[in-house]
Amino acid sequence: QVQLVESGGGLVQPGGSLRLSCAASGGFLHNYAISWFRQVPGKGREGVLCISKHGDATAFSDSVKGRFTISRDNSKNTVYLQMSNLKLEDPAVYYCATDLGPFCFPQASTDEYDYWGRGTQVTVSS
């Protein structure tokens, strides 16, 4: 069974950067598309970015375009979310997830994702 573990969250000032990691165990990450979501209290999970099995990135949110990038290191079984120029609207718990498919589908419901990590908290504050 695939298990996903996020790390790298923390407190950063506006305009700062963080790199989140999503590490997998129990399966080979390079077989799957991996998506990042974020959630703030009282709201549903919002899709951020996705990377396909083949390394193609798809943005799920216009608000992160030009600021966030996604990449993968198959040798480390890890997907990264590089966040730059963080804004006061970016704080959330960030999750990685997969539906065990090879492609990214921006319109997919969160219900279609089979595996989720426990999340990592990102806080932006001056």
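Smallest separation of non-hydrogen atoms from Glu46 and Ser61: OE2-OG, 3.4 Å. In terms of heavy atoms, Pro14 sits closest to Ser126 at CD-N, 3.8 Å. Across all their heavy atoms, Arg67 and Leu86 have their closest contact at NH1-CA, 3.9 Å. The heavy-atom pair separating Cys104 from Thr58 by the smallest distance is CB-OG1, 3.8 Å. Pairing each heavy atom of Asp99 with each of Asp114, the nearest pair is O-OD2, 3.1 Å. Cys50 approaches Ser35 most closely through the heavy-atom pair SG-OG, 3.3 Å.
One finds the OG1 atom of Thr98 at 10.5 Å from the CH2 atom of Trp116 (value rounded to the nearest 0.5 Å). Here the straight-line distance linking atom CZ of Arg118 with atom OG of Ser7 works out to 14.0 Å at 0.5 Å rounding. Taking CZ of Arg38 as the start and CD of Gln121 as the end, the distance is 12.0 Å to the nearest 0.5 Å. Rounding to the nearest 0.5 Å places CG of Leu18 at 8.5 Å from CG of Leu11. A distance of 9.5 Å separates SG of Cys22 from CG of Asn77, quoted to the nearest 0.5 Å. Rounding to the nearest 0.5 Å places CD of Gln13 at 11.0 Å from CG of Leu88.
In the hydrophobic clustering of this structure, Val93 does not group with Val64; members are Ile, Leu, Val, Met, Phe, Trp, Tyr whose side-chain heavy atoms approach within less than 4.5 Å, directly or through other members. In this structure, Val122 is a member of the same hydrophobic cluster as Ile34, with clusters built from ILVMFWY side-chain heavy atoms closer than 4.5 Å. Under the 4.5 Å side-chain heavy-atom criterion for grouping Ile, Leu, Val, Met, Phe, Trp and Tyr, Ile70 is not connected to Phe60 through any hydrophobic cluster. The hydrophobic cluster containing Tyr80 does not contain Tyr94, counting ILVMFWY residues as joined when their side-chain heavy atoms lie under 4.5 angstrom apart, directly or transitively. Cluster annotation: Val5 is not connected to Leu81 through the hydrophobic network of ILVMFWY side chains, with a link wherever side-chain heavy atoms come within less than 4.5 Å.
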Review point. Can you check ring-ring contact (aromatic ring centres under 6.0 Å, His included) on Trp36 and Phe68, steps first, answer last?
Key: CA-CA 11 Å; Trp36 282 97; Phe68 292 10; 10.0 Å; no
**Study point:** Verdict with supporting geometry, Leu20 and Met83, side chain to side chain contact (heavy atoms under 4.5 Å, CB included)
**Key:** CA-CA 8 Å; Leu20 306 184; Met83 305 186 295; 3.7 Å; yes
Practice item. Applying side chain to side chain contact (heavy atoms under 4.5 Å, CB included), run through Leu4 and Leu29 and close with a yes or a no. Key: CA-CA 9 Å; Leu4 303 176; Leu29 205 63; 4.0 Å; yes
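Checking Thr123 against Ser125 by side-chain atom types alone, no donor-acceptor pair falls below 3.5 Å.
Ala59 pairs by the side-chain contact (heavy atoms from CB on, under 4.5 Å) definition with Leu49, Lys65, not counting sequence neighbours.
Within 6.0 Å of CD on Gln107 lie no more than 12 heavy atoms contributed by other residues, nucleotides or ligands.
Between the side chain of Arg72 and the backbone N or O of Ser52, at least one donor-acceptor pair lies under 3.5 Å.
Relative orientation of the Phe37 and Tyr113 rings is perpendicular, given thresholds of 30° and 60° on the angle between their planes.
Residue Phe105 shares its hydrophobic cluster (ILVMFWY side chains chained together at separations under 4.5 Å) with Phe103.
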